[in-house]
J.: 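My questions all concern the structure below.
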Amino acid sequence: MELKGRDFLRTGDFSTEELGLILKKASQMKLAHKKREPVEQSLAGKSIAMLFQKPSTRTRLSFDVGINQLGGHPIYLNWGDLQLGRGETINDTGKIFGCYVDGIVARVYRHADLETLALSSPVPVINALSDEFHPCQALSDCFTIIEKKGALSGLKIAFVGDGSCNVSQSLAEAVLQLGGNMVIASPKRYCPKEEFLSELRRLAKEGAALQVTDDPVEAVKDADVIYTDVWVSMGTESEAEQRVRDLRPYQVNKDLLAISAPDSIVMHCLPAHRGGEITSDVIDGPRSVVWEQAENRLHVQKSIMSLVL
Ligand code: CP
Ligand code: NVA
């Protein structure tokens, strides 16, 4: 299993065994972090560009801190401040990045732009979120589920809300690859495309099932994990009113939670819109693991970086 030099654009580019290796290393890194042991300096002498086309709190901070902890040097770059904002191509930009840095962490709108960046740049590119995928979030969320439940196999993970958003799509991909059962509950117009669903079925570990429904109650019934994300993702603001109207019946609240397994956990990638996709009593309630979920981004991303860079 050679991960060094690989791009991390979506979990589907990695085998179940390779994802397992990243999770194992993340677990060791978290333990070392908790025991305040010295951190391996796998990025010593390395500079990592952090190119962001969209806002970020968690991803930007956890990558910056993680790169520093591994001995590397992060360079935050706002897309609009580069010549990219004045029309220089992504292709040329990727080549230039390769002259100076050892890796790129990038958050973009179009996933195809990330693929172009990865193709043009000789150094690994890590997806810090695109319109279609958020693989660092998803792998980290699988890490949290395994921490809380022991394993993914046999579990029912229900994503409720905008099923075609980056977080839902990457979660489904990672959960199925690692052997969990995934249910996406979404109004039909917000369901992932048929082509992507076929890809998910192909990537799923043997025995892992995928279900898509427009019924949140059916999805959450006996679920071990209830996951939601904002109804209006970055880049869809012009559809806000319509989205809020369409997705209102998919709110994660105490009535929906009551249908899930008695020991179910509630997850959200954050930022959350309280009173929108999730109510305050649920996100602040005893079943919510959202803060640990956010912390685990640091450990899992450090593991990804130390293995691919
Ligand atoms: N969950 C997540 O990626 O958060 P940010 O947009 O704050 O980075
Ligand atoms: N789906 C959300 C995730 C934010 C972390 C968005 O793209 O805005």
Side-chain angles (χ1 to χ4, degrees), residues 8-11 26 48 50-67 74 76-79 104-114 126-145 159-174 184-187 189-193 196 225-240 242-244 246-247 250-252 266-274 276-278 283 288-302 304-305:
F8 190 81
L9 302 191
R10 53 186 280 191
T11 59
I48 314 298
M50 293 175 44
L51 175 61
F52 279 63
Q53 200 180 16
K54 294 177 176 179
S56 169
T57 299
R58 280 141 288 268
T59 308
R60 177 175 172 182
L61 199 51
S62 55
F63 267 109
D64 193 320
V65 168
I67 292 166
Y76 176 79
L77 300 161
N78 182 328
W79 184 287
I104 304 169
V105 172
R107 169 169 285 200
V108 300
Y109 285 96
R110 287 159 24 105
H111 189 74
D113 287 348
L114 208 56
I126 297 174
N127 182 357
L129 179 146
S130 67
D131 282 349
E132 287 175 59
F133 299 106
H134 198 1
C136 295
Q137 178 76 54
L139 196 56
S140 177
D141 294 339
C142 288
F143 179 89
T144 304
I145 298 170
F159 182 94
V160 183
D162 175 8
S164 61
C165 83
N166 39 25
V167 168
S168 162
Q169 297 208 141
S170 273
L171 181 73
E173 189 163 290
I184 300 173
S186 206
R189 65 184 291 186
Y190 302 97
C191 280
K193 291 200 176 74
F196 177 65
V225 178
I226 298 138
Y227 199 121
T228 190
D229 184 14
V230 290
W231 293 334
V232 184
S233 281
M234 292 178 277
T236 67
E237 291 80 3
S238 64
E239 304 164 13
Q242 171 89 41
R243 284 177 162 264
V244 170
D246 293 343
L247 289 158
Y250 294 77
Q251 183 185 66
V252 173
V266 174
M267 300 181 80
H268 192 309
C269 59
L270 306 178
H273 289 85
R274 291 159 180 263
E277 75 277 1
I278 194 161
I283 199 167
S288 166
V289 299
V290 300
W291 312 114
E292 283 164 275
Q293 194 187 339
E295 184 203 309
N296 285 334
R297 295 286 304 279
L298 173 69
H299 310 302
V300 173
Q301 287 163 190
K302 273 165 70 184
I304 295 168
M305 288 191 286

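Please read these numbers as outputs of a predicted model, since none were measured by experiment. For ligands, and for the atoms within them, numbers begin at 1 and follow the listed sequence. Side chains are part of it too, since the values below use all heavy atoms of this structure and drop only hydrogens, waters and symmetry mates.
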J.: Side chain, backbone, both or neither: which applies to Asp131 and ligand 2 if a contact is any heavy-atom pair less than 4.0 Å apart?
T.: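 Neither part.
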J.: If every non-hydrogen atom of Pro192 is compared with every non-hydrogen atom of Gly163, which pair is closest and at what distance?
T.: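 So the minimum-distance heavy-atom pair works out to CG-O, 3.3 Å.
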J.: Starting from atom 3 (C) of ligand 2, locate the nearest protein heavy atom and write down its residue, its atom name and how far away it is, to 0.1 Å.
T.: Asp229 OD2, 3.6 Å
J.: Do you know the tightest heavy-atom contact between Ile278 and Gln251?
T.: N-CG, 4.2 Å
J.: What pair of heavy atoms forms the shortest contact from Lys54 to Asp131, and how long is it?
T.: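 Looking at all heavy atoms of both residues, the shortest contact is NZ-OD1, 2.6 Å.
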J.: Would you kindly specify which portion of Lys54 sits under 4.0 Å from ligand 1, judged on non-hydrogen atoms: side chain, backbone, both or neither?
T.: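 Neither part.
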J.: When you look at CZ of Arg60, are more than 12 heavy atoms from neighbouring residues, nucleotides or ligands closer to it than 6.0 Å?
T.: no
J.: Write down the atom of Ser56, the atom of Arg107, and the distance for their closest heavy-atom approach.
T.: CB-NH1, 3.3 Å
J.: Got the closest protein heavy atom to atom 8 (O) of ligand 2, with its distance?
T.: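 Here the nearest protein heavy atom works out to Met234 N, 2.8 Å.
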J.: May I ask you to list the atoms of ligand 2 that are less than 4.0 angstrom from any heavy atom of Val230?
T.: 2 (C)
J.: Answer with yes or no whether Leu129 contacts ligand 1, where contact means a heavy atom under 4.0 Å from a ligand atom.
T.: no
J.: What's the shortest distance from atom 7 (O) of ligand 2 to any protein heavy atom, and which residue and atom give it?
T.: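 For this ligand atom, the closest protein heavy atom is Asn166 ND2, 2.9 Å.
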J.: Start with the C-alpha distance between Ser164 and Asp162, add both sets of side-chain angles, then the distance that settles side chain to side chain donor-acceptor pair (under 3.5 Å), and finish with yes or no.
T.: CA-CA 6 Å; Ser164 61; Asp162 175 8; 3.1 Å; yes
J.: Pairs of nitrogen or oxygen atoms closer than 3.5 Å, one from Cys269 and one from ligand 1: do any exist?
T.: yes
J.: Pairs of nitrogen or oxygen atoms closer than 3.5 Å, one from Arg107 and one from ligand 2: do any exist?
T.: no
J.: Give the atom numbers and elements of ligand 1 that come within less than 4.0 Å of a heavy atom of Arg297.
T.: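 Selected atoms, number and element: 1 (N), 2 (C), 3 (O).
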J.: Considering only the protein, which heavy-atom contact is closest to atom 4 (O) of ligand 1, and what is its distance?
T.: Arg58 NE, 2.9 Å
J.: Does Thr59 have a heavy atom less than 4.0 Å from any atom of ligand 2?
T.: no
J.: Between Pro271 and ligand 1, does any nitrogen or oxygen pair lie at a separation below 3.5 Å?
T.: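 Looking only at distances, the answer is no, because the N/O contact criterion of under 3.5 Å is not met.
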J.: Would you say ligand 1 has an N or O under 3.5 Å from any N or O of Thr59?
T.: yes
J.: Distance under 4.0 Å to a non-hydrogen atom of His134: what atoms of ligand 1 satisfy this?
T.: 2 (C), 3 (O)
J.: Closest non-hydrogen protein atom to atom 7 (O) of ligand 1, residue and atom name please, with distance?
T.: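 Minimum-distance protein heavy atom for atom 7 (O) of ligand 1 reads Thr57 N, 2.7 Å.
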J.: Could you grab the distance from atom NE2 of His268 to atom CD1 of Ile283, nearest 0.5 Å is fine?
T.: 5.5 Å
J.: Considering all heavy atoms of both residues, which atom of Cys165 and which atom of Phe159 are nearest to each other, and what is their separation?
T.: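 Taking Cys165 first and Phe159 second, the nearest heavy atoms are SG-CZ, 4.2 Å.
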J.: With distance as the sole criterion, is a donor-acceptor pair present between the side chains of Glu277 and Thr228 under 3.5 Å?
T.: no
J.: For a quick check under 3.5 Å, do Thr59 and Arg297 share a side-chain donor-acceptor pair by atom type?
T.: yes
J.: Examine His134 against ligand 2 and note whether any of their N/O atoms are separated by less than 3.5 Å.
T.: no
J.: Side chain, backbone, both or neither: which applies to Val167 and ligand 1 if a contact is any heavy-atom pair less than 4.0 Å apart?
T.: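 Neither part.
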J.: If I compare all heavy atoms of Gln293 with all of Tyr227, which pair ends up nearest, and what's the gap?
T.: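 In terms of heavy atoms, the two residues are closest at NE2-OH, 3.2 Å.
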J.: I'd like to check which ligand 1 atoms, numbered from 1 as shown, lie under 4.0 Å from a non-hydrogen atom of Arg107.
T.: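 Ligand 1 atoms under the 4.0 Å threshold to Arg107: 3 (O), 5 (P), 6 (O), 8 (O).
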J.: Name the option, out of Thr236, Asp162, Leu270, that contains the heavy atom nearest to atom 5 (C) of ligand 2.
T.: Leu270
J.: Can you confirm whether the side chains of Asn166 and Ser168 place a donor and an acceptor under 3.5 Å from each other?
T.: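 No, because no side-chain N or O of Asn166 sits under 3.5 Å from a partner of the opposite role on Ser168.
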J.: Under 4.0 Å from a heavy atom of Ser233: which atoms of ligand 2 are those, numbered in the order shown and with their elements?
T.: 1 (N), 2 (C), 6 (C), 7 (O), 8 (O)
J.: Between Gln137 and Asp141, is there a side-chain donor-acceptor contact under 3.5 Å, judged purely by atom types and distance?
T.: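 A pair is found: one side chain offers a donor N or O, the other an acceptor, under 3.5 Å apart.
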J.: May I ask you to check if ligand 2 and Val232 share an N or O to N or O distance below 3.5 Å?
T.: no
